[in-house]
Amino acid sequence: MVSETFGSQLQENHAEARERVRDISEFDSWINGAGHTTDKTIETIDPVTADPITTVPRCSLTDIDTAVDAAWRAFDEEWSDTTPAERSRLLSEWIDVLRDHIDELSLLECIDTGKPISQARGEVEGAIGTLEHYASTCRNLDGRQVSTSEDLHLYTRKEPYGVVGQITPWNFPIWAAAWKLGPALGTGNTTVLKPSAKAPLTTIRIAELSEGIFPDGVVNVVTGTGSDVGGALTEHDRVRKLSFTGSVGVGQQVMKAAAENVAPVTLELGGKSPFIVFPDADLEKAVTAVADGIFYSTGEICDGFSRALVHESVHDEFVDRFVEKAESYTLGDPLDEETTMGPLTTESQYETVMEYIEAGKSEGATLLTGGGSPDDADLQDGWFIEPTVFDDVENDMRIALEEIFGPVQTINTFSSYDEAIELANDTEFGLAAGIATEKTSLVHNAAADLEAGLVYVNEYGPILPQAPYGGFKASGIGKDLGTEVLDHYQQTKSVYVNLDEPEL
Ligand code: NAD
């Protein structure tokens, strides 16, 4: 289905929305509590019309040094002396300001990524909820006392690293930034954060909205290309901890760079998540879960259920219902509340997804629906791809092996529990997995047997800050979210205190 927006109207709406975006801010980098400009800049592009939205600075090595210096000064002079309660209060103050800007941040995220406005708003609210969680959790930071003997008091202290380097991708910009900033700041670190140059606007804006709340230098945002700015940040010898979200290939480079400085790394990487539909599944729930898990955010989701593994006895019915569901999405202007699928965020991602669709056809998979751009003159300038479904997919085909990062679903069948688990685990990735069944024993057995950091039963999502999030195998190291992430931003010190016999 295609929405009713007319081409010229769509172009006009977007020109006007881009104007509103430029009125909001200059979108400079944010260093030491102020906007930071550079001679060289990078354009951000509206994925609906392929027009530039605005420019952001292309930071140099010197700019990264300046940001790291500012972050250390803030840490040494003020932030390391704050109590958890003081940090909690400042985070809450920032959250109140962000709450007052939900509409503005949603517009920025929508224009910059092409996400439907309703999804953008949900993610802005999710980001604020995550920060709220860590504003509260950081009040409960503690060490422990270790039992020894009467003449020794032995306890542990958890201390921040100092300056941390954080790198985020373009698919969930504000949400990923909140996942990194909440726990890092709550535990007493200062940060230099690099958003993706492909969608940097909300990250810059939330840093600007912290002005006058945090001491200058506590939050720094540097923009520029991945290899220059990201590389410089990961190689920096005064960055004590790195947290990276992105692709496996870049994650490996980050890990190598971190090894030079023996800096600990958290890596949240890609996925190729399976969803197993068991024979007793409620197919309505299964179809909704798999569709949400591959078509939300135009399939640009790290934990997307891109591989449906369906029991042979329910295959035909599942396929009929799933194709119907795929064809029910409303592709159109992301600014329109009725739109349920926007364009891919970048032209290169559009080309990548189209290449995978061609690979699927040439490898012999059966294309059931989609497979190209929508036949709508209004959407020809944007990077739209229809929800695409391949059946008869074998696990050794590229479309089943590699992360496509677009609205492309593969389906294959299984006949036994063991075969389902074997197919599900037959991947280098291990971010998420899903199952649809009404049987309790199947739920718990499969949850234990699946090699994945997250298991969803009869649904896709939600992602709650209370629970750890992160992958197994090539999908990553360590966790974002939960209480687990707090340990990634703190180092533990053991303190031995000799207690002499009391003498009066
Ligand atoms: P990417 O790896 O290309 O880029 C991620 C970030 O790293 C960007 O900010 C980029 O500018 C930066 N970067 C690029 N080269 C660098 C280098 N040499 N050194 C340091 N930084 C560098 O990934 P992407 O295309 O932005 O995002 C898509 C990928 O992210 C997918 O693989 C997706 O699965 C993954 N992802 C994972 C999660 C998760 O939580 N596991 C969440 C979202 C996205």
Side-chain angles (χ1 to χ4, degrees), residues 42 44 56 58-59 61 64 112-113 115 123 126 130 165-180 192-200 203-204 221-236 239 242-258 260 263 265-273 294 296-306 344-350 352-353 402-406 427-432 452-454 461 463 465 467-482 485:
I42 301 181
T44 57
V56 298
R58 184 171 183 157
C59 287
L61 293 187
I64 308 304
D112 214 11
T113 63
K115 280 176 200 290
E123 289 171 27
T130 303
Q166 306 184 306
I167 298 180
T168 52
W170 46 263
N171 62 328
F172 291 115
I174 192 170
W175 215 358
W179 288 22
K180 308 251 179 249
V192 179
L193 191 157
K194 193 206 91 64
S196 169
K198 293 166 187 163
T203 309
I204 294 173
V221 172
V222 288
T223 50
T225 63
S227 47
D228 291 346
V229 176
L233 193 57
T234 52
E235 287 162 17
H236 207 291
V239 171
L242 289 163
S243 179
F244 170 84
T245 301
S247 60
V248 175
V250 177
Q252 287 170 322
Q253 291 180 42
V254 169
M255 202 169 169
K256 282 182 193 151
E260 284 296 312
V265 281
T266 303
L267 300 177
E268 293 289 351
L269 307 178
K272 191 74 188 173
S273 303
I294 188 66
Y296 180 82
S297 198
T298 322
E300 293 170 316
I301 30 183
C302 48
D303 55 16
F305 291 141
S306 47
L344 279 297
T345 297
T346 67
E347 186 173 16
S348 68
Q349 191 56 29
Y350 170 87
T352 302
V353 175
E402 298 171 19
E403 185 181 40
I404 298 175
F405 222 53
T427 166
E428 65 173 309
F429 299 105
L431 186 50
L454 299 150
I463 299 175
Y469 184 100
F472 287 12
K473 304 197 292 193
S475 290
I477 297 176
K479 301 292 170 187
D480 274 343
L481 304 183
V485 70

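We use all heavy atoms of the structure for the numbers below, so side chains are in, but hydrogens, waters and symmetry mates are not. Ligands are counted one by one from 1 in listed order, and the atoms in each one are counted from 1 as well.
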Quiz item: Is it true that the side chains of S348 and K198 contain a donor and an acceptor less than 3.5 Å apart?
Solution: no
Quiz item: Do T427 and K272 get their side chains close enough for a donor-acceptor pair, meaning under 3.5 Å?
Solution: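 Not at all, the side chains of T427 and K272 share no donor-acceptor pair under 3.5 Å.
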Is ligand 1 under 4.0 Å from a heavy atom in the side chain of [X], in the backbone, in both, or in neither?
X    : result
I167 : side chain
Q253 : side chain
E403 : side chain
L269 : backbone
V248 : neither

Which residue from [options] reaches closest to [atom] through any of its heavy atoms?
atom                    : options                : result
atom 29 (C) of ligand 1 : P169, G476, G246       : G246
atom 15 (N) of ligand 1 : A197, S297, G226       : G226
atom 39 (C) of ligand 1 : G251, G271, C302, G224 : C302

Quiz item: Does some non-hydrogen atom of G231 fall short of 4.0 Å from ligand 1?
Solution: yes
Quiz item: Do any heavy atoms of P195 fall under 4.0 Å from ligand 1?
Solution: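 Yes, P195 has a heavy atom closer than 4.0 Å to ligand 1.
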Self-check item: Protein contact for atom 4 (O) of ligand 1 (heavy atom, distance under 4.0 Å)
Solution: no
Practice problem: Say whether T225, considering both its backbone and side-chain N or O atoms, lies within less than 3.5 Å of an N or O atom on ligand 1. | Solution: no
